[in-house]
Every structure is written in C-alpha cells, then in structure tokens.
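Read through the structure below, which is laid out as structure tokens, and then see the notes.
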Amino acid sequence: MFSAYCCDGDDHWTPETVREWWRDRARGTAYLAARRPVWEADDEKSGQGTAAAAEACAAYLDGELAAHLRAYLFWLDERRSPAAADRLPQP
C-alpha cells in the first residue's frame with residue numbers, strides 16, 4: 001500500500017497507477033483496522049498515540065483523500081494545479 005510513499009510521486013505515479021491504488025484502498029483500511037488492537041496495546045505502554053494516528057489515516061482514506069486524488073490526477077495529466085473552472089477526473 002505504501003510503496004513509493006514520500007518519493008517523487010510525479011516520477012512514480014501515473015493516472016492508471018493512482019486509480020489502481022484507489023480501487024485497492026480497502027486493503028489499507030482493513031490493515032489499519034486489523035492492527036488497531038496491537039497499536040492500542042502499544043499506546044498503553046508508550047503513550048505515542050499510534051492507534052489515534054491510524055484512525056485518522058483511515059478517516060482520511062474514507063474522506064478527503066478522494067478530492068485530493070482528483071486534484072493530483074489533474075496535475076498528472078496537465079502538469080498544473082486545477083483552477084476553479086477545471087473539471088477534475090474521478091479517482
């Protein structure tokens with residue numbers, strides 16, 4: 001799920017690979033949900049807030065990420081940020 005994370009996305013990602021990742025995003029949310037008990041137990045010892053961070057990540061996957069990916073897909077196609085009048089592609 002996180003391969004190439006923090007790398008130069010414009011060199012790694014294409015509209016096709018973004019859409020492929022988007023179709024498979026349920027794998028990421030399932031992983032986050034399955035690991036939650038482990039992170040909660042770790043948080044009891046360390047107090048680092050890993051479980052809350054994973055929950056925030058899952059909420060982002062289920063929420064605002066779609067809009068952000070639409071803008072990124074526009075960028076990949078046009079190599080410019082979208083203007084208000086531009087139609088954004090679907091992820």
Side-chain angles (χ1 to χ4, degrees):
M1 174 178 178
F2 296 110
S3 66
Y5 182 75
C6 291
C7 292
D8 187 350
D10 296 344
D11 290 337
H12 177 77
W13 294 100
T14 65
E16 294 78 24
T17 58
V18 170
R19 287 185 176 101
E20 180 182 325
W21 181 91
W22 182 247
R23 283 190 300 273
D24 196 30
R25 71 188 177 281
R27 190 169 56 106
T29 55
Y31 171 81
L32 293 170
R35 295 286 302 167
R36 184 177 177 100
V38 174
W39 290 325
E40 287 173 342
D42 287 345
D43 286 347
E44 287 180 20
K45 298 175 193 168
S46 68
Q48 295 218 351
T50 307
E55 186 175 326
C57 181
Y60 180 64
L61 285 167
D62 291 336
E64 293 180 13
L65 180 57
H68 294 161
L69 283 180
R70 291 179 75 199
Y72 186 55
L73 285 168
F74 185 90
W75 170 263
L76 288 173
D77 282 338
E78 303 292 328
R79 294 298 181 190
R80 66 177 177 86
S81 296
D86 288 322
R87 258 187 94 150
L88 298 179
Q90 291 297 319

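In Arg79, the CZ atom is crowded: over 12 heavy atoms of neighbouring residues, nucleotides or ligands sit closer than 6.0 Å.
Between the side chain of Thr17 and the backbone N or O of Trp13, no donor-acceptor pair lies under 3.5 Å. The closest donor-acceptor contact from the side chain of Arg19 to the backbone of Glu16 lies at 3.5 Å or more, if one exists at all.
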Name every donor-acceptor pair, under 3.5 Å, that has one atom in a side chain of residues 57-75 and the other anywhere in the protein, sequence neighbours excluded.
from: Tyr60; atom 1: OH; to: His68; atom 2: ND1; distance (Å): 2.6
from: Arg70; atom 1: NE; to: Pro89; atom 2: O; distance (Å): 3.1
from: Arg70; atom 1: NH2; to: Leu88; atom 2: O; distance (Å): 2.9
from: Tyr72; atom 1: OH; to: Gly9; atom 2: O; distance (Å): 3.1
from: Tyr72; atom 1: OH; to: Asp10; atom 2: N; distance (Å): 3.4
from: Tyr72; atom 1: OH; to: Asp10; atom 2: OD1; distance (Å): 3.0
from: Trp75; atom 1: NE1; to: Asp10; atom 2: OD1; distance (Å): 3.3
from: Trp75; atom 1: NE1; to: Asp10; atom 2: OD2; distance (Å): 3.1

Show the atom names and distances, to 0.1 Å, of all donor-acceptor pairs under 3.5 Å that link a side chain in residues 32-41 to residues at least two apart or in another chain.
from: Arg36; atom 1: NE; to: Glu40; atom 2: OE2; distance (Å): 2.7
from: Arg36; atom 1: NH1; to: Glu55; atom 2: OE1; distance (Å): 2.7
from: Arg36; atom 1: NH2; to: Glu40; atom 2: OE2; distance (Å): 3.2
from: Arg36; atom 1: NH2; to: Glu55; atom 2: OE1; distance (Å): 3.0

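Going from atom CZ of Arg27 over to atom CZ of Arg25 covers 13.0 Å, rounded to the nearest 0.5 Å.
Between Asp77 and Pro15 the shortest heavy-atom distance is OD1-CG, 3.3 Å.
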